[in-house]
Amino acid sequence: MLDRKFIVENAAAVKLNCRQRGVPEQVDALVNYELQRREKLKRLEELNRLANEVAKSIGQLPDAAAREARKEEGRRLREEKDQVQREHDELDRQVHEIQLRLPNMAHPDAPIGDDDLANVELSRGKHAPRVFDFPALDHLQIGEKWSWIDFEGGARTTGAGFYFLKGELVLLDLALQQFAVNELLRRGYTPTITPDLAQDSILEGIGFLPRGPETQVYSIHDSTLSLIGTAEITLGGLYSGQVLDETQLPIRICGISHCYRTEAGAAGRAGRGLYRVHQFTKVEMFAFTTPETSEALHEELKQIECELFDALEIPYRVVDTATGDLGGPAHRKFDLEAWMPGRGQGGEWGEVTSTSNCTDYQSRRLNIRYKRAGEKGTHYVHTLNGTAIALSRALIAILENHQLADGTVRVPSCLHPYLGRTTLGG
RNA sequence: GGAGAGGUGGCUGAGUGGUCGAAAGCACCGGUUUGCUAAAUCGGCGUAGGGGUCAAACCCUACCGCAGGUUCGAAUCCUGUCCUCUCCGCCA
């Protein structure tokens, strides 16, 4: 969420930003409501002050008749105050509603464009896409060969888009989680296992708007809880309402959680297999920091993602996400796209990780601030998130890139300590 | 799920209708004193919004888990809700 004062004072820039991000805006209406609201607030405070004065004076009046007269005056002020209060609250609600829908301001270097076609490739990983001397299979074909992925069972028990992982693929899944968590622990990230559900208010704070018709979110009936679409939600919510000390920052955490996504409206681009599913496991990185350091930390998250996928020996490219594809909260976003030999005709890049600097957009909604020693007042922290390993897509990348001619799969050496074997299948 | 207790400032903890934004202690910051440390002593010490100032001082408003209600006036009374603790039941 953007600061109201900022919106009022920079209306033109906010509008331009919305246009570049492809988000409809009502900035003019917001400015209008907000200016009216401030007037109401002044009047409201004035009435409160008068009513307080009257109330205070009553206790000191010795004469009963005089007290009654003052009481009547107090009642009158109170009624007028209530009326102004209602008007103020209505304006406040309208401002807030518009404000919630405005996206974060984009980084000046973020490529401007409508969608992912405008993304700019920044770099490539250490490993180039492999040239196969046999017909490469996709991950579903490999999985079928060894009975590793059971979508039919998932559909029977739960519904389309759900699946069972089975056999050795489970070992690979667990090994990837352990690998990621260990690598992050080594880099100063505190490992956590987060709840898989969160309060709707937290989802809203992070920037997922639950329960609309376009929602990506599963809600729990008769409650204010939803299944999380990413641990970003719970990790970001972890310090909601808190005032941190600057010396605690940056706070680096990683969280393992399940991720649930309805993928409403995505039926047409469902893709094959594990690429777009309703549930997967993810190891997520999250950080809280100061405005001065968030950009450097964003680089760090990107760098870690690169190191993990280099270690897994998976070819990838890094892209700088275009304004139209940033979503609401991100100020800037980098994606890692892994080469997936089984996608499309002869392979395609597919997003496997994503890291965003959300600046103070989430912290303002979640009210996460920090205090500087010797300075009065508080500031909003900057929040950042990044995927370490999204299991479903990482599994695709590993199966498809490391498959051998006989359908077995070579295990990259970084996973050997966690997997206890060098080949899967057979 | 049942029964009870409680949620007050960084912490402990007073406060049951009228200058209470809130006693006191601890912690913290600053001054004084002391050869150093410790101790003593004085002062300061919440957040947010608005006004004011070159900057401050200062002024106003809101906030005692949260949301409502009663009242001229609520931390204090009422209702709902969330959370914590204790005991019982159930249970991986």
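Naming convention: chains lettered A, B, ... in sequence-line order (proteins, then strands); numbering from 1 in each chain.
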Check the distance between [N]'s [atom2] and [X]'s [atom1] and give it to me in whole angstrom.
X	N	atom1	atom2	value
A/Arg70	B/G18	CZ	P	19 Å
A/Gln242	B/G10	CD	P	11 Å
A/Arg43	B/C60	CZ	C1'	14 Å
A/Lys71	B/U70	NZ	P	16 Å
A/Glu53	B/G73	CD	P	15 Å
A/Lys56	B/G18	NZ	C1'	10 Å

(message) Tell me if the aromatic rings of A/Phe288 and A/Phe286 count as close, with their centers under 6.0 Å from one another.
(response) yes
(request) Let me know, please, whether A/Ala51 or A/Arg67 comes out on the 5' side of the other along RNA chain B by nearest nucleotide. (result) A/Arg67
(message) Just to be sure I understand the rule, does A/Arg49 reach a base, reach only the sugar-phosphate, or reach nothing, if contact means heavy atoms closer than 4.0 Å?
(response) sugar-phosphate
(message) Would you say A/Arg78 places a side-chain N or O within less than 4.0 Å of OP1 or OP2 belonging to B/G73?
(response) yes
(message) B/G73, OP1 or OP2 - any side-chain N/O from A/Asn52 closer than 4.0 Å?
(response) no
(message) Cation-pi check for A/Tyr275 against A/Arg393: NZ or CZ below 6.0 Å from the six-membered ring centre and within 45 degrees of the axis, yes or no?
(response) yes
Each nucleotide N or O in nucleotides 47-51 of chain B that has a protein N or O under 3.5 Å away: list the pair and distance.
unit_1: B/U47; atom_1: OP1; unit_2: A/Lys371; atom_2: NZ; d: 2.5
unit_1: B/U47; atom_1: O3'; unit_2: A/Arg369; atom_2: NH1; d: 3.4
unit_1: B/U47; atom_1: O2'; unit_2: A/Arg369; atom_2: NH1; d: 3.3
unit_1: B/A48; atom_1: OP1; unit_2: A/Thr378; atom_2: N; d: 3.0
unit_1: B/A48; atom_1: OP1; unit_2: A/Thr378; atom_2: OG1; d: 2.2
unit_1: B/G49; atom_1: N2; unit_2: A/Glu45; atom_2: OE1; d: 3.4
unit_1: B/G49; atom_1: N2; unit_2: A/Glu45; atom_2: OE2; d: 3.2

